[in-house]
Every structure is written in C-alpha cells, then in structure tokens.
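Below is one structure, written out as structure tokens, with a few remarks after it.
We count ligands from 1, going down the list as the structure has it; atoms in each ligand are counted the same way.
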Amino acid sequence: MARILTGIQSSGRPHLGNILGAIIPAIELSKNPKNESFFFIADLHSLTTLKSGTERAEFVRAIAATWLAFGFDHNKNVFWRQSRIQEHAELAWYLNCFTPFPMLANATSFKEKSEKLADVNAGLFTYPVLQAADILLYDANIIPVGKDQKQHLEMTKDIASRFNQLAGKEILVLPEPKIDERIMTIPGIDGQKMSKSYHNYIDIFLLESDLKKVTKKILSDSKGLEEPKDPDNDITFKMYSLLATDDEIAAMRSKYVAGGYGYGHAKQALYEYILEKFAEPRRIFNYYMENTAELESILTSGESKARAIAQHTISKVRDVLGFSS
Ligand code: ADP
Ligand code: TRP
C-alpha cells in the first residue's frame, strides 16, 4: 500500500494547466486500489503571496470543488485544508530548527520568487520547510509534483534525515517524488506556460460567454481565412490536441492544412469542445460552489481523518524533542 500525497496552493482558481498537469493525473493514481491518497489545499502556503482573506476563502472552495468535479473519492481517501490541522505549522517550526540556513538561501524557487515579487517575506523563505512538514506529518511515500518541485522534495528528505539522526531511528518517513515526464507543459493563450502569474490561463469553469471571450483571445498569426495554416505552430491547435481524440485531431489538422478554415473557426471549435468535454465537471463544480455547506462538511470530515494521523506523528516528534515529558 503506497501513500500518495500532494497539495495545491489556494492562490487562484484552478486552470486548464493545473487540471491536466496535476489534478487529473493525481486522481488517476488515487484510483489504484493499492494506493491511499492524501490530497490537501495548501492555504497556509498561499499566504506567502496572497494576503486577501476573502479571495483565499473563494479559491479554497474553488480548488476543493475542482478535485470533486474531476472525481476524487473523498470517502476512500483523505481530503483537507492545511490551515485546519495545526500540526502542519507546529511541525514546520520544529523542522525549521533542523534546516540549515544556506539550504533555503540557495533554493531555486526562492531565488526566482524573490526576484519577481515585491513582498519578499520570511514565509516565502521558509516555504520548503512547511512543505516538508505537510509531507512528513502523514508518512507519505509518493509525492506527485511538477518538475519545479523536485528541489523541495530533496530538501524534505534532507530535513527528515537530520531529524531522524537526532532521534536515532526512523521517526519521519522519507518520501519519493513522482515526476511524470510525460505530462507536458500546457501552453497559455499567449503560448508561454499557462500560469496564474502570467494571466494567460483558461478557467474552464467560467460562464459560457466569458469562456468564449477567453478562447477568442488565443494568440494566432495573421493568415487570412482562405490561406492554408500550420497546425504545429498554432496555440489553438495545440490546446485542441490536448483534449481531443486522435481522429478528431487528424480531422482538425486536415482543415488547417486545406485552407478555407479560419483561426476564428478553430477557436469556436475549441470553445465548444471544452464545454462538451467538461460538461459534467462544470456541473459538479457549480453545484459545490453553490452548495458550500456540503463542501464544508466534506472537508470537515476529511479533516478529522487527517488530524488523527497528524496528531500521531506529532506526538512521536514531541517525545524526541522533550516536549511531552
Ligand atoms: P501556477 O503556475 O498557475 O501558479 P502552480 O504552480 O500553483 O500553478 O501549480 C499547481 C500544479 O499544477 C503543479 O503541480 C504544477 O506542476 C501544475 N501546473 C501548473 N501549470 C501547469 C501547466 N501550464 N502545465 C502543466 N502543469 C501545470
Ligand atoms: N509547493 C507546491 C506547489 O507550488 C504545493 C505544495 C505545498 C505541495 N505542500 C506540498 C505539493 C506538499 C506536494 C506536497 O505546487
């Protein structure tokens, strides 16, 4: 039995990149009966960059509703908000004292963020330690994440080993990252990596009229309606290919190459495809966004499962540190 654990920060509404690159693959892993999945919303981490409480609460609901919309089985697995389990913050403090300062100072993600952001706070600096606590609290074995998270996972192992060395035994379980190289980077409407921070994302849960507006904004070259077009250098075609079947992709490819088919037609086809393909997730997402009491009760019951496990780990850690006697 492998314990899979992953978290998504509540720093925005989930977009097509998050869904295809993280949420759907993690749910697929969770369907293996040999796996037990621990998926949580990293709302404490989101405080490093997002200060508005109103926005955070909205994004937490949207992320929770997205996991459920794509079929995450919250009864079989464990599903919670990081902030509701105080042991995350408690363990992060203990682990801070096992983390060498240069390890954090040299972290690539910290360096990148501190160049980009105006607010370079201490939370941003110790971000990987809180992430280590998230993982180590639950004895997680496999952590599915994007390539950018590899260094954070190495730090987690390093910090856990330092703690275990003090303890003289394996109190904290060393996890393994699971970086799926097959998962491609989903392009945004401007062709760069789709990201909340680049404002180039497609939110598949938008109202139909707004979704249509976003798809119309996808960048394309200036070829006229009649001209033949190169599907391999077009963002709309790339996005369509990420969603459609092989036959549908081949049919769309022929239309591009033949000419007489404009980018406007392709964007309309993509828009309709998104609506059709995600009709059920859109329905479930809207249901939970409207029935927030039900969403709350799902999370609360997940939190009691998470809390029991977190409390067990923290009591072992407190014993080692002399905080329980
Ligand atoms: P963002 O760049 O929008 O802030 P996050 O860094 O919060 O996204 O990523 C959350 C998860 O979604 C991560 O596992 C990340 O690898 C995945 N992800 C984000 N953007 C993409 C993308 N464009 N293509 C594939 N996966 C992505
Ligand atoms: N840092 C991760 C990201 O930005 C989110 C995260 C927080 C996480 N805690 C985690 C991922 C624990 C995996 C395990 O994508």
Side-chain angles (χ1 to χ4, degrees), residues 3-27 29 37-50 59-60 62-63 66-67 70 78 80-83 85 88-89 91-92 95 107-110 112-113 116-117 123-124 126-157 159-160 173 175-204 235 238-239 242-243 306 310:
R3 198 170 268 190
I4 320 267
L5 177 144
T6 199
I8 294 195
Q9 282 196 71
S10 49
S11 47
R13 279 166 60 115
H15 54 68
L16 193 58
N18 302 141
I19 291 169
L20 299 179
I23 295 179
I24 294 179
I27 291 176
L29 274 179
S37 294
F38 285 61
F39 295 164
F40 70 98
I41 301 162
D43 52 355
L44 292 176
H45 276 112
S46 75
L47 187 55
T48 58
T49 51
L50 175 73
F59 297 155
V60 166
I63 293 172
T66 306
W67 281 110
F70 281 92
V78 188
W80 75 102
R81 288 162 290 199
Q82 182 191 32
S83 62
I85 310 295
H88 286 254
L91 183 60
L95 297 180
T108 319
S109 69
F110 175 69
E112 278 174 15
K113 286 179 191 168
K116 258 197 332 217
L117 301 172
L124 212 54
T126 57
Y127 181 113
V129 186
L130 179 58
Q131 183 162 352
D134 299 338
I135 296 168
L136 299 170
L137 260 184
Y138 299 94
D139 294 346
N141 312 110
I142 298 173
I143 317 297
V145 281
K147 283 186 214 118
D148 58 321
Q149 296 294 312
K150 204 169 173 175
Q151 198 178 40
H152 287 168
L153 271 291
E154 280 158 11
M155 290 182 186
T156 301
K157 287 208 260 185
I159 298 169
V173 175
E176 282 305 325
K178 184 175 188 314
I179 295 157
D180 192 339
E181 303 290 344
R182 286 167 316 169
I183 295 174
M184 54 184 305
T185 302
I186 316 299
I189 60 171
D190 58 357
Q192 289 191 80
K193 170 192 181 284
M194 185 180 288
S195 172
K196 287 180 284 265
S197 17
Y198 304 148
H199 303 288
N200 63 352
Y201 57 86
I202 294 189
D203 176 351
I204 63 156
I235 304 162
K238 270 189 204 137
M239 288 185 175
L242 289 164
L243 305 173

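Residue Ser10 comes nearest to Ile63 through the heavy atom pair CA-CD1, 3.4 Å, listed as atom of the first residue, atom of the second, then distance. Minimum interatomic distance between Ile235 and Gly188 (heavy atoms only, all atoms of both residues): CG2-O, 3.5 Å. Closest approach of Val129 and Ala92 over heavy atoms only: CG1-O, 3.5 Å. The shortest non-hydrogen separation linking Ile8 to Ile23 is CD1-CG1, 3.7 Å. Considering every non-hydrogen atom in both Met194 and Pro187, the closest pair reads CE-O, 3.4 Å.
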Donor-acceptor pairs are to be reported for all side-chain atoms of residues 136-146 against protein atoms at under 3.5 Å, with residues two or more places apart or in another chain.
from: Tyr138; atom 1: OH; to: Trp80; atom 2: NE1; distance (Å): 3.4
from: Tyr138; atom 1: OH; to: His88; atom 2: NE2; distance (Å): 3.0
from: Asn141; atom 1: OD1; to: Arg3; atom 2: N; distance (Å): 2.8

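The only option from Phe40, Phe38, Phe39 that meets the ring pair (Phe, Tyr, Trp, His ring centres under 6.0 Å) definition with Trp67 turns out to be Phe39.
Protein residues with a heavy atom under 4.0 Å from ligand 1 are His15, Gly17, Asn18, Gly21, Ala22, Gly146, Met184, Thr185, Ile186, Lys193, Met194, Ser195, Lys196. In this structure, ligand 2 sits under 4.0 Å from heavy atoms belonging to Leu5, Thr6, Gly7, Gln9, Phe40, Ala42, His45, Tyr127, Gln131, Asp134, Ile135, Ile143, Val145, Gln149.
Sorted by first then second residue, the salt bridge (charged side-chain N to carboxylate O under 4.0 Å, His left out) pairs that include residues 190-203, not counting sequence neighbours, are Arg13-Asp203.
With rounding to the nearest 0.5 Å, the separation of NE2 in His152 from OG1 in Thr156 is 8.5 Å.
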